[in-house]
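What follows is a set of notes on a single structure, which appears directly below.
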Amino acid sequence: MPHARHLLAIEGMHPPEITELLDVAEAYALLNRSGKAPRDLLRGKTLINLFFEDSTRTRTSFELAGKRLGADVINMAVSASSVSKGETLLDTASTLNAMQCDLLAVRHAQSGAPALLAQKVDASVINAGDGTHEHPTQALLDALTIRRRKGGLENITVAICGDIAHSRVARSNIFALTALGARVRLIGPPTLIPAEIEQLGVTVFHTMEQGLPGTDIVMMLRLQKERMTSGLVPSAREFFRRYGLDHARLALAKPDALVMHPGPMNRGVEIDSAVADDPQRSLIREQVEMGVAVRMAVLDLLSRSHTRNV
Amino acid sequence: MSDLLISNVRLLDPATGLDEPGALLIRDGRIADFGRFAPPENIPTFDGQNAALCPGLVDLRARLGEPGFEYRETIESAAQAAAAGGITTLAALPDSAPAIDDPALVHLLRARGAQTGNLTIHPYGALTRGCRGTDMAELFLLHEAGAVAFTDGSRALANARLLRLALSYTKSFGARIVQHPEEPTLAEAGCATEGELATRLGLPAIPAAAEAIQVARDIALAELTGGAIHFSPVSTAAALALIRDAKQRGVNVTCDTAPPYFDLNETAIGDYRTYAKLTPPLRRDADRQATAAALADGTIDAIVSDHTPLDADDKRLPFAQANAGGTGLATLLGVTLAQYHGGHLTLLQALALLTEKPARLLDLAAGRLVRGAQADCCLFHPDRIWQVQSGKLPGKAQNTPFDGRALEGRVTATFKAGKQVFG
C-alpha cells in the first residue's frame with residue numbers, strides 16, 4: 001500500500017499490505033471515538049467523490065473520512081443524463097485533471113471503469129464499487145470489523161450468503177478474507193453463484209442448512225428486485241424461505257456467530273428485522289463506523305505515496 | 001497494359017500442391033505462365049529475391065466501415081490494409097448502415113471495390129431486411145446482383161422458422177447462408193466467456209455452450225431442408241465436433257474461424273483490454289487448441305480476417321460497453337503462419353485455408369495460380385519477423401487484438417491484376 005498509487009481492487013494485494021491498512025484504520029477508529037483525528041493531515045488536498053451510481057452510505061462515508069482529515073471534499077453525482085449527452089468517462093478524466101484533484105473515489109455501474117479512469121487521471125483513484133467487480137473499501141471495513149470482534153481472521157469461518165453473482169462486495173471480501181487466512185463459504189441458489197468461483201478458494205453451498213453450521217460470521221448480501229424480474233429467483237418470498245436470515249437459521253451457525261450486511265438491507269427479503277436489529281448479534285452499525293475509519297486510512301496512505309504531478 | 005515478370009520466387013499453389021522455385025509471367029494483367037520457362041526479353045522484371053509467391057489471399061469475412069461508419073474505416077483505407085496483408089479478394093459483411101439488403105447496394109460495393117484497383121469486393125447480402133432478423137430480404141435479387149451468400153453479420157438469426165425458410169428458399173439457386181454461431185438469448189449482454197476469469201473480472205459472461213447450441217440447431221435445419229449453412233467464425237471444441245460429425249453424415253455444412261481463436265485465449269482480455277473484446281468472445285485455451293486442431297484435420301474450411309474496424313471512442317470504454325471486434329487484414333497471414341511455424345500445419349495447408357479453400361466455398365474465380373486467370377498474387381517471406389503495433393498498422397483502424405505480438409511471415413509485395421499494389 002505505501003507504494004501503491006491507486007486502490008482499484010483487493011485481488012493482487014499482499015496480506016501485509018492489507019494488514020497495514022487495517023492497522024492504520026484501527027488507529028483511526030480509536031481516534032474517531034475520542035474525537036482526536038488529525039484534522040490537518042490532508043489540508044490543501046482535494047478529494048472528489050465521483051459517483052455514477054446512486055449511493056448514500058458509501059459517498060457519505062468517504063465525505064466524512066475526507067473532512068475528518070482536513071481535505072477539501074467535493075461530491076460529483078454524475079447523473080445518467082449527462083452521460084447520455086455523450087460525455088465519456090475519459091472526458092470526465094480530462095475535466096478532473098484540469099481541476100487538479102488529488103484523490104478520487106469512483107463508483108460506476110461498469111466493471112473496470114475505475115481502472116480505465118486511473119489510466120488517464122493524475123489523481124489517486126479509489127474504487128468505491130465498480131459493477132459486479134470489486135468494492136475494496138467495503139471488504140477492508142468488513143475485515144476490520146471481524147478482526148476487532150474475533151481477535152483476528154486466521155481460521156475464522158465466514159459465510160457470504162445470497163446474490164454472489166452480482167456482488168462486488170462478495171468478490172472483494174473473498175479476496176481479502178482468504179488473503180488474511182479466513183475460510184470463506186458462499187451460500188446461494190445456483191442461479192446466483194457465478195461460474196467456477198470455487199477457483200477463488202471458497203466452498204460453495206446451496207442451502208443455509210448445509211452452509212451455516214460452524215460459521216463464525218454470517219454475511220448477508222442485498223438481493224435487488226430486478227433479480228426477481230429477470231428469472232434468477234422466482235419471488236422474494238421464495239428467496240426468503242430458502243435463504244433469508246432469521247433467528248432460527250442463525251441458530252445453525254456457531255452460538256457466538258455474528259451477522260453482517262453491507263447495506264442497504266431489504267428487510268424481509270434476505271434478512272429478518274429481528275436479526276438485523278439484534279445488538280447482541282448484528283455488527284451492521286459497527287460496519288458503518290469502521291467504514292469511515294478504513295476510508296480515512298486509505299486516503300492517508302494513498303496521499304503519502306502519491307504527490308500529484310504539477 | 002501490365003506486363004511483368006516476377007523472377008526468383010518459390011511458387012506455392014495449394015490448389016495443385018505446387019511448391020517449387022521459378023518465376024511468374026504476367027501479360028495484360030493475367031497469368032501468362034509460371035514455373036520454369038524461358039523468360040521473354042525486354043520485359044519489366046520484379047526480382048522476388050527468393051520470397052514465396054502464392055495466389056492473392058481470399059478473405060471471406062471483413063467489415064469495411066462503408067457504408068455508414070466511415071470514421072472507422074473507408075473502402076479506400078480497408079483496401080490499403082488488405083493489400084498490405086496480401087489480400088486481393090474479400091467478402092464484405094452486410095451489417096453496415098444501411099445494411100446491404102438492396103441490389104443497388106450490392107452493385108455499389110462491387111463498383112467501389114473495383115475503383116480501388118487493389119481489391120475485389122464480393123458483398124454478402126443481408127439475410128433479413130436491415131439485418132434485423134424479422135423479414136427475409138430479397139435474396140434472389142441480391143444473388144442476381146452478385147451477393148455471394150447471405151448473412152446478418154455478427155447477429156445470429158434467432159428465428160428457427162425463418163432460418164428454415166431461408167435455407168429451403170436459397171437452395172433453389174444454390175446460395176449459402178452464413179450464420180454467426182451464438183445463441184442470442186444466452187449471449188445477450190455477455191462480453192466474455194463464462195468461467196473463472198469472467199467471474200474474477202465481474203463481467204457478464206456467455207457460456208461456451210451458446211455456440212454449440214446454435215450450431216446444433218442450425219445443422220438440424222440444414223438437414224431438414226437440404227440447404228447450405230456456413231458458420232463464421234467458430235471458436236469452440238463442442239461446435240467443431242458437431243460440424244465434424246455433420247460433415248461426415250453428408251450435411252451441407254462448412255465453417256471458418258479467425259486468427260484470434262487459434263492464436264489467443266481469454267487471458268488476452270486481462271485487465272479489461274477492450275482491443276481483445278471480440279464476438280464470439282475469446283475462449284479458454286482448450287477451445288483454442290481444438291480450433292487449431294480443426295484447421296489441421298479439415299473441419300475448418302477457411303481462415304477469415306473477421307476484420308472489424310473500430311475507432312478509439314468505440315474501444316476506450318468500460319469493457320462491457322466497448323464495441324466488440326478487432327482489425328485483421330494486415331495480420332491474417334502472419335498469425336496463420338504461426339501455425340506453420342509451430343508445426344501444426346504445413347505451409348501449403350496454411351495457405352490453402354487462405355486461398356483455394358475459401359474461394360471454392362463461395363465459388364469465386366480467385367485463390368489459385370491458373371494460366372489465363374487474373375494475376376492476383378501475394379509475395380511474402382515466411383520467416384521474416386515483425387511486430388504488430390497498434391498505431392502503425394496500414395489502413396485507418398488500429399484496434400488489433402494482436403498489439404505487441406511478434407510474428408514470423410511478412411508480406412513484401414501484393415499484385416492485383418498484374419499491378420503491384422503493395423510493397
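Chain naming here is simple, since letters A, B, ... match the order of the sequence lines and numbering starts at 1 in each.
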Pick from A:Gln110, A:Glu198, A:Arg168 with the largest number of heavy-atom pairs that fall under 4.5 Å of chain B = A:Gln110
ask   = Counting only heavy atoms not in B:Asp271, do more than 12 fall under 6.0 Å of its CG?
value = no
query = Got a sec: does the CD of B:Glu188 have more than 12 other heavy atoms crowding it under 6.0 Å?
reply = no
key: Side chain A:Arg171, main chain B:Thr199, donor-acceptor under 3.5 Å   = yes
task = Compare every heavy atom of B:Glu196 with every heavy atom of A:Glu196, then report the nearest pair and how far apart it is.
result = OE1-N, 3.2 Å
message = Please give me the minimum heavy-atom distance between A:Thr132 and B:Leu203, naming the atom from each residue.
response = OG1-N, 4.3 Å
Heavy atoms from other residues, nucleotides or ligands near CZ of B:Arg164 exceed 12 (cutoff 6.0 Å) = no
task = Specify which of B:Ala205, B:Gly202, B:Pro207 makes the most heavy-atom pairs with chain A at under 4.5 Å.
result = B:Gly202
task = For B:Leu201 and A:Ser111, work out which heavy atoms get closest and say how close.
result = O-CB, 3.5 Å
message = Looking at every non-hydrogen atom in both residues, tell me the closest pair between A:Leu116 and B:Pro318 and how far apart they are.
response = CD2-N, 3.6 Å
inquiry  = How about CG on A:Asp54, more than 12 heavy atoms from neighbouring residues, nucleotides or ligands closer than 6.0 Å, or not?
reply    = no
ask   = Got a second to check how far A:Thr88's OG1 is from B:Arg316's CZ, nearest 0.5 Å?
value = 9.0 Å
message = So for A:His108, is it side chain, backbone, both, or neither that comes closer than 4.5 Å to the heavy atoms of chain B?
response = side chain
ask   = Residues of residues 272-284 of chain B under 4.5 Å from chain A (heavy atom pairs)?
value = B:Tyr272, B:Arg284
ask   = Which region of A:Glu11, side chain (C-beta onward) or backbone (N, CA, C, O), has a non-hydrogen atom less than 4.5 Å from a non-hydrogen atom of chain B, or is it both or neither?
value = side chain
